[in-house]
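To start, the structure under review is shown below, and the notes come after it.
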Amino acid sequence: MLLDIAGNGSYNAGSGRKNLMSKPVKTRFAPSPTGYLHIGGARTALFSWLFARRHGGTFLLRIEDTDQQRSTDESTRAILDAMAWLGLNWDEGPFFQAERVGIHRQMIERLVDEGKAYWCTCTQEELEEKRKTALAQGRKPKYDGTCRDRHLPPTPGSVVRFRCPDVGVTRMEDLIKGNILFQNEELDDLVIQRGDGYPTYNFAVVVDDAQMGITHVIRGDDHVNNTPRQILLYEALGFPVPLFAHVPMILGADKARLSKRHGATSVMAYRDMGYLPEALVNYLVRLGWSHGDQEIFTGDELQGLFDLDTVGKSPAVFNPEKLLWLNQHYIRTYSVERLVEALQPLWPAASDSAQGDFLRSVVGDLQSRSRTLLELIDGAAFYFSEEVRYDEKAAEKFLTAASAGHLEAVLEQLPGVENYTREGLEALLRSLAESRQTKLKEIAQPLRVALTGKTVSPGIDEVMATLGRKRSMERIARALSCIRAAPPS
RNA sequence: GUCCCCAUCGUCUAGUGGCCUAGGACACUGGCCUUUCACGCCGGUAACCGGGGUUCGACUCCCCGUGGGGACGCCA
């Protein structure tokens with residue numbers, strides 16, 4: 001049944017004029033399940049997905065699990081979860097490459113029969129040795145063709161190599177980098193079937209992309225040098241060669257390829273750190289792609305605007321600060337309800353529906369001042385504590401005999417406030433400041449410390465409104481007793 | 001070492017021969033707003049890697065250098 005996917009002919013190519021003129025676009029993301037989905041992979045997947053969406057095409061997911069040693073189901077699940085979280089939905093798949101080895105072997109056999117590939121018994125040790133000496137002598141380490149014309153029969157444990165032409169030029173049409181020429185003499189006879197009988201990446205990817213009808217192969221820059229060999233394989237197999245688009249790498253602050261030592265590289269780690277998928281998507285898409293001066297894009301906008309000809313050619317440095325800025329932006333665009341929902345996996349309190357209104361109010365207070373969900377949770381802690389913990393410096397500065405009078409006045413007035421809302425409370429504080437002939441600040445700061453324990457918090461009127469009359473009064477009363485208990489200074 | 005790719009503010013980028021005294025965004029920073037913080041608003045610092053060409057004119061085109069990245073696996 002896996003074979004059928006290539007012939008999915010009755011395809012409706014969306015409404016764009018352009019699409020009516022050309023073959024329907026079909027792209028894919030083909031990760032190997034040897035770890036989580038990382039930032040670089042996510043961006044490649046995003047570009048691939050966006051390109052398909054933009055052109056009314058199909059986006060396919062294929063898991064390249066031919067390396068039996070390193071592939072795990074856990075990784076597959078992690079990748080699928082991350083894709084789902086980012087909203088990168090696939091139209092076909094996931095297909096598992098390892099399930100297709102029968103097909104791959106058939107094709108390999110065919111190539112051997114046709115003399116386009118041959119069995120090779122060189123051992124890994126021998127090859128490793130040759131590579132080392134070649135490198136030491138300043139030569140390019142390539143297979144020397146020992147078994148090329150020996151016409152060896154298949155033997156267990158030996159490999160199959162593809163016979164690369166040693167003259168001529170192979171041309172790659174790259175939608176991002178432009179056309180690139182490779183001298184065939186630079187290529188060597190690559191292994192297409194390993195000793196364990198499994199096809200190698202370069203072979204399997206060609207067969208699968210061809211049979212699955214992929215029109216645009218969008219992948220990382222690191223594959224550029226694989227492409228001429230793959231093109232040669234397409235030709236040897238008699239398959240049409242797709243279009244390629246190699247997207248530049250993402251680098252760390254030191255301009256080295258992004259890796260764990262640069263900090264979090266897993267997509268899901270960003271979820272766990274309190275980032276919103278929209279923020280990560282928006283950040284990632286702007287790494288290498290742009291649309292004039294626009295920085296913020298909705299998903300719909302991206303699907304309408306994205307294209308490969310506006311993708312840049314140079315590698316980009318990952319900048320966590322800008323991601324943070326975007327995350328803050330998206331937190332502010334969320335409705336309180338959606339925010340509460342997003343907070344649930346990170347915050348036990350958010351799952352407590354019993355205090356739904358209180359929770360929504362808390363989240364509303366913090367929404368505009370949080371760069372991540374974790375910051376929000378952190379900033380909200382004081383709402384939930386039984387007894388406010390006073391920051392030492394804050395208490396020292398504001399919970400003083402001098403401010404006790406202000407606090408008493410607030411405490412006195414609170415029971416009489418008819419309109420117990422943010423607005424009503426603001427009005428109260430303002431009139432109090434006026435009647436006590438002081439600045440609002442002189443009342444607000446001590447009050448803030450009394451209610452939150454800190455000098456930094458949401459607007460104090462918001463805090464009181466959220467806390468409610470009873471809790472607010474209790475907290476003020478407690479602050480007052482602390483002031484009285486303290487030795488006079 | 002060989003091959004491939006790339007090169008505009010610290011970072012992401014706009015710029016497709018004259019519109020550039022190089023634009024935007026993040027970060028940094030001065031100010032305003034203000035009950036703290038954040039937001040918001042106004043302003044500032046900051047870049048075309050170097051050298052040769054081509055051209056009346058180069059950030060833009062070509063060559064060379066330099067720098068950075070990638071590839072050179074029975075990994076993908």
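Here is the naming used below: chain letters follow the sequence lines, and residue numbers restart at 1 for every chain.
- Rounded to whole Å, atom P of B/U35 lies 16 Å from atom NZ of A/K397.
- Residues forming a side chain to side chain donor-acceptor pair (under 3.5 Å) with A/D209 (at least two apart in sequence, or on another chain): A/R28, A/R62.
- Salt bridge A/R338/A/E278: present, at least one basic N to carboxylate O contact under 4.0 Å.
- Taking the ring centroids of A/F95 and A/W90, they lie at or beyond the 6.0 Å cut-off.
- With the nearest nucleotide of RNA chain B identified for both A/F318 and A/Q328, A/F318 has the one nearer the 5' end.
- Between atom CG of residue A/N225 and atom CE of residue A/M172 there is a gap of 8.5 Å, rounded to the nearest 0.5 Å.
- Atom NE2 of A/H262 and atom P of B/U11 are 14 Å apart (whole Å).
- Looking at heavy-atom distances under 4.0 Å, A/S457 makes contact with a base.
- In this pair, A/F306 and A/W289 present their aromatic rings tilted. The plane angle is within the 30 to 60° band.
- Separation of the P atoms belonging to B/G18 and B/C61 is 12 Å when rounded to the nearest angstrom.
- In a base pair of the Watson-Crick type (N1 to N3 plus N6-O4 or O6-N4) or a G-U wobble (N1-O2 and O6-N3), with each distance short of 3.5 Å, B/C59 is matched with no nucleotide.
- A donor atom on one side chain and an acceptor atom on the other are not found under 3.5 Å apart for A/Y390 and A/T452.
- With a cut-off of 3.5 Å on both Watson-Crick or G-U wobble distances, the partner of B/A7 is given as B/U66.
- The CD-P distance, from A/E186 to B/C4, rounds to 7 Å in whole Å.
- Taking atom CZ of A/R448 as the reference point, atom P of B/A38 lies 12 Å away to the nearest angstrom.
- Ring-plane geometry between A/F297 and A/H291 is classed as perpendicular, the angle between the planes exceeding 60 degrees on a 0 to 90 degree scale with a lower cut at 30.
- Taking atom CZ of A/F297 as the reference point, atom P of B/A14 lies 11 Å away to the nearest angstrom.
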Practice item. Could you run through nucleotides 19-24 of chain B and give me one letter per nucleotide, 5' to 3': B if any protein heavy atom sits under 4.0 Å from the base, S if only the sugar-phosphate is that close, - if neither? Key: ----BB
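- For A/R369, whose side chain is taken as the heavy atoms from C-beta onward, the closest listed nucleotide among B/C37, B/U11, B/C39 is B/C37.
- The separation of B/C33 from B/G40, taken at their C1' atoms, amounts to 8 Å, rounded to a whole angstrom.
- Across the C1' atoms, B/G70 and B/G15 are found 27 Å apart, a figure rounded to whole Å.
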Practice item. Step by step, work out the side-chain hydrogen bond (donor to acceptor under 3.5 Å, both in side chains) result for A/Q97 and A/D208. Key: CA-CA 8 Å; A/Q97 196 162 55; A/D208 290 355; 2.8 Å; yes
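- Here A/S314 lies in heavy-atom contact (under 4.0 Å) with sugar-phosphate atoms only.
- For the P atom pair drawn from B/C49 and B/A7, the interatomic distance equals 10 Å after rounding to whole Å.
- Contacts of A/Y283 with the nucleic acid, taken as non-hydrogen atoms under 4.0 Å apart, are absent.
- Here A/L440 lies in heavy-atom contact (under 4.0 Å) with a base.
- As rounded to the nearest Å, B/C12 and B/C28 have C1' atoms that lie 16 Å from one another.
- Per the geometry, NZ belonging to A/K255 stands 15 Å off C1' belonging to B/U66, to the nearest Å.
- Rounded to whole Å, the separation between the C1' atoms of B/U21 and B/C59 comes to 14 Å.
- B/C48 and B/U60: their P atoms are spaced 12 Å apart (whole Å).
- Of the C1' atoms belonging to B/C64 and B/G23, the separation is 32 Å, rounded to the nearest Å.
- When ring centroids are compared, A/Y118 and A/F162 stay outside the 6.0 Å threshold.
- With sequence neighbours left out, A/D378 forms a side-chain contact (heavy atoms from CB on, under 4.5 Å) with no residue at all.
- Remark: B/C28 base-pairs with B/G44; criterion is Watson-Crick or G-U wobble with both hydrogen-bond distances under 3.5 Å.
- Across all strands, A/I460 comes closer than 4.0 Å to base atoms (heavy-atom distances).
- Distance CD1 (A/I39) to P (B/U11): 20 Å, rounded to an integer number of Å.
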Revision key, fill the gap. With sugar-phosphate taken as primed atoms, P, OP1 and OP2 and all else as base, the protein-contact string of nucleotides 44-49 of chain B at under 4.0 Å (heavy atoms; B, S, -) is ------
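- Distances from the side chain of A/E321 to the nucleotides B/C5, B/A7, B/A27 place B/A27 closest.
- Counting non-hydrogen atoms under 4.0 angstrom, A/G288 reaches the backbone sugars and phosphates but no base.
- As judged by a 4.0 angstrom heavy-atom cut-off over every strand, A/P248 is placed among residues making no nucleic acid contact.
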Validation: residues 245-257 of chain A side-chain donor-acceptor distances under 3.5 Å, sequence neighbours left out:
residue, atom, partner, partner atom, Å
A/H246, ND1, A/D174, OD2, 2.6
A/H246, NE2, A/R219, NH1, 3.2
A/H246, NE2, A/T227, OG1, 3.2
A/D254, OD1, A/A256, N, 3.0
A/D254, OD1, A/H262, NE2, 2.7
A/D254, OD2, A/R261, NH1, 3.1
A/D254, OD2, A/H262, NE2, 3.4
A/R257, NH2, A/D222, OD2, 3.2

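- Looking at the side chain of A/E426, the nearest of the listed nucleotides B/U36, B/A38, B/U35 is B/U35.
- A 3.5 Å limit on both hydrogen-bonding distances identifies B/A71 as the Watson-Crick or G-U partner of B/U2.
- At whole-Å resolution of the value, NZ in A/K454 and C1' in B/A38 are 12 Å apart.
- One side chain, A/T265 or A/Y36, offers a donor N or O that lies under 3.5 Å from an acceptor on the other.
- Under the 4.0 Å criterion applied to side-chain N and carboxylate O atoms, A/E462 and A/R369 are assigned as salt-bridge partners.
- Across all strands shown, nothing is found opposite B/C19 as a Watson-Crick or G-U wobble partner with both distances under 3.5 Å.
- In this structure, a donor-acceptor pair under 3.5 Å is absent between the side chains of A/Y201 and A/N226.
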Check your understanding: Nucleotide by nucleotide, 5' to 3', does protein get under 4.0 Å of the base (B), only the sugar-phosphate (S), or neither (-) in nucleotides 70-76 of chain B, counting heavy atoms?
Key -> BSBSBBB
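- Below the 3.5 angstrom threshold, one finds no donor paired with an acceptor across the side chain of A/R139 and the base of B/U2.
- Side chains of A/K260 and A/S266: no donor on one and acceptor on the other come within 3.5 Å.
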